[in-house]
2 protein chains.
Amino acid sequence: MSLGGLLGEETGAAPQQVRTEPIQQRSAARLSGLLDAAAAVVDEVGFDRITTAMVAERAGASIGTVYRYYPDRVAVLHALHERAVVRFRQRVVDELSASTLTSWWDAVDCVVTAFVGLYRTEPGFRIVNFDDRDGAPVADVVADADFFARRLADVLVNEFDLPAGDDLIFRLGVAVEMADALLARAFHTDPIGDERFIAECRLVMRDYLDRFYSPQALNLLATAS
Amino acid sequence: MSLGGLLGEETGAAPQQVRTEPIQQRSAARLSGLLDAAAAVVDEVGFDRITTAMVAERAGASIGTVYRYYPDRVAVLHALHERAVVRFRQRVVDELSASTLTSWWDAVDCVVTAFVGLYRTEPGFRIVNFDDRDGAPVADVVADADFFARRLADVLVNEFDLPAGDDLIFRLGVAVEMADALLARAFHTDPIGDERFIAECRLVMRDYLDRFYSPQALNLLATAS
DNA sequence: GGTCACCGAGTGGAATTCAATCATCCTGGT
DNA sequence: ACCAGGATGATTGAATTCCACTCGGTGACC
């Protein structure tokens with residue numbers, strides 16, 4: 001869910017994130033200022049205790065300004081989530097290009113590293129755990145996670161010759177779900193992140209995927225076919 | 001978090017779940033009636049869309065009655081969560097005694113089976129995923145999960161001779177976190193539960209714990225010491 | 001002068017309180 | 001045994017408070 005959506009472009013029907021596209025430059029600053037304020041508030045009170053008034057005050061704006069840009073309270077959270085996802089994507093790219101990758105494992109490791117890094121440095125990053133259990137488009141979350149799994153699958157297929165297919169996507173989806181849970185646990189209390197859970201997350205990722213995609217497993221697949 | 005707390009007695013400082021302990025028998029019925037109503041509403045609108053008025057109306061009571069028993073809205077959710085956990089514990093016990101257990105794996109499997117069964121039959125069981133990101137007692141959730149891991153560890157140590165210790169408890173905590181995430185995913189959309197995720201959950205549990213507690217791994221441990 | 005931004009009192013709905021009322025239990029007198 | 005009637009438990013719903021969200025009015029930019 002939270003790791004879900006990573007690497008993905010907006011899902012086709014971007015649900016009108018902002019009401020008004022900023023025309024003047026000052027409003028662009030307002031917009032990011034609002035998100036910065038929201039991020040700070042998220043760190044202080046958590047994202048379900050957040051109120052529009054808090055965000056406005058923290059941003060040095062008035063309630064009306066918040067509503068000028070966002071249709072409602074959750075839209076702010078969605079936007080913050082979106083920004084966090086974008087920054088995460090960027091971080092993953094940075095991490096990948098800064099590392100020498102010798103196997104798919106290194107790529108997966110980079111993803112974990114990026115996620116952990118942002119948890120530590122990006123204000124309000126816990127927003128990635130925000131899941132709108134709304135009535136309307138529940139499928140969005142699933143589609144989101146699925147989309148990320150697909151993108152990651154593409155990378156692993158193209159760069160490391162993993163066998164493409166629905167199985168790979170499904171397993172990456174499972175891996176995302178598990179990593180998400182373990183890292184959320186690692187940072188649930190500890191703002192630095194409990195190293196034990198982080199390390200165990202890396203280990204689980206590797207073991208789980210190794211079952212199917214270790215060199216040995218791949219050899220077996222190759223000889224069997 | 002959600003599987004967390006299973007098998008555990010209430011954490012020492014039970015945070016005043018109900019305002020008034022029921023004295024007369026009719027109020028006991030009221031209390032469970034309120035929870036039944038809350039469970040139904042949870043299934044209909046989800047546990048963040050729930051309103052006290054909905055619960056009251058569904059239970060055939062008035063708003064005031066809800067507040068007689070619960071200090072606020074989230075207290076109702078906490079109570080429902082608590083009841084779900086209790087029923088889960090019972091189900092695990094039933095499941096364990098109804099099965100012939102030949103190894104620790106069977107016990108773990110029973111836990112998964114019990115969880116899945118309740119997801120399918122217990123109204124509002126998704127409340128187990130309710131995690132109050134409140135300011136106050138964040139430690140409760142952690143302590144909760146830890147407590148469950150301890151209890152499960154006790155069972156596995158006593159019944160199947162797994163090596164006791166903090167490592168076992170930690171790993172069970174990790175397993176709980178992962179199972180929780182995968183089963184929540186399985187039931188996120190599908191009310192019957194996506195079998196693929198359920199099966200993968202069982203597989204992951206076994207593989208992960210096998211790494212440390214398979215007969216082979218235990219033999220290595222024994223010979224090494 | 002005409003948009004673009006912004007403001008903040010006002011509106012409405014949901015959460016929560018509380019004083020009044022009803023139901024049940026208890027006790028002592030017959 | 002029975003019952004009156006006070007004490008305490010239980011219920012009610014109108015009133016209050018809090019918060020998301022609207023909108024007509026005021027300046028800022030171009």
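So that the names make sense, note that chain A is the first sequence line, chain B the second, and so on, each numbered from 1.
Distances shown here put every side-chain N or O of A:Ser62 at or beyond 4.0 Å from the OP1 or OP2 atom of C:dC6. Taking only side-chain nitrogens and oxygens, B:Tyr69 comes nearer than 4.0 Å to OP1 or OP2 of D:dT11.
Distance CG (A:Asp48) to P (D:dC19): 14 Å, rounded to an integer number of Å. Spacing between atom CZ of A:Arg73 and atom P of C:dA14 amounts to 15 Å, rounded to whole angstrom units. The separation between A:Tyr67 atom OH and D:dC23 atom P is 13 Å, rounded to whole Å. Rounded to an integer number of Å, the gap from B:Ile63 CD1 to C:dA19 P is 19 Å. As rounded to whole Å, 17 Å separates atom C1' of D:dT11 from atom CD of B:Glu57. With rounding to whole Å, B:Asp72 atom CG is found 22 Å from D:dT16 atom P. Note: CG (A:Leu34) to C1' (C:dC6) measures 12 Å, nearest angstrom. Atom OH in B:Tyr70 sits about 22 Å away from atom P in C:dA14, given to the nearest Å.
Under the 3.5 Å distance criterion, the side-chain polar atoms of B:Arg202 are matched with a main-chain donor or acceptor of B:Asp109. Looking only at distances, no side-chain donor or acceptor of A:Ser99 sits under 3.5 Å from a matching main-chain atom of A:Leu96. A side-chain donor-acceptor contact under 3.5 Å links A:Arg73 to the backbone of A:Ile50.
A:Phe187 pairs with exactly one of A:Phe197, A:Tyr119, A:Phe125 by the ring pair (Phe, Tyr, Trp, His ring centres under 6.0 Å) rule, that one being A:Tyr119.
Neither side chain, B:Arg91 nor B:Thr113, offers a donor N or O lying under 3.5 Å from an acceptor on the other.
Of the two residues contacting DNA chain D, namely B:Ala61 and A:Gly64, the nearest-nucleotide position lying further toward the 5' end is that of B:Ala61.
As judged by a 4.0 angstrom heavy-atom cut-off over every strand, B:Thr51 is placed among residues touching the sugar-phosphate backbone only.
The terminal axes of the helix from C:dG1-D:dC30 to C:dT30-D:dA1, fitted over 5 pairs per end, subtend an angle of 10° to the nearest 10°.
A cation-pi arrangement is present between A:Arg196 and B:Phe170 under the rule of less than 6.0 angstrom and at most 45 degrees off the ring axis.
You'll find that the side chain of B:Arg68 is closest to D:dA10, out of C:dG8, D:dA10, C:dC4. The side chain of A:Arg30 sits closest to C:dC6 out of D:dT12, D:dC21, C:dC6.
More than 12 heavy atoms of other shown residues, nucleotides or ligands fall within 6.0 angstrom of atom CG in B:Asn158.
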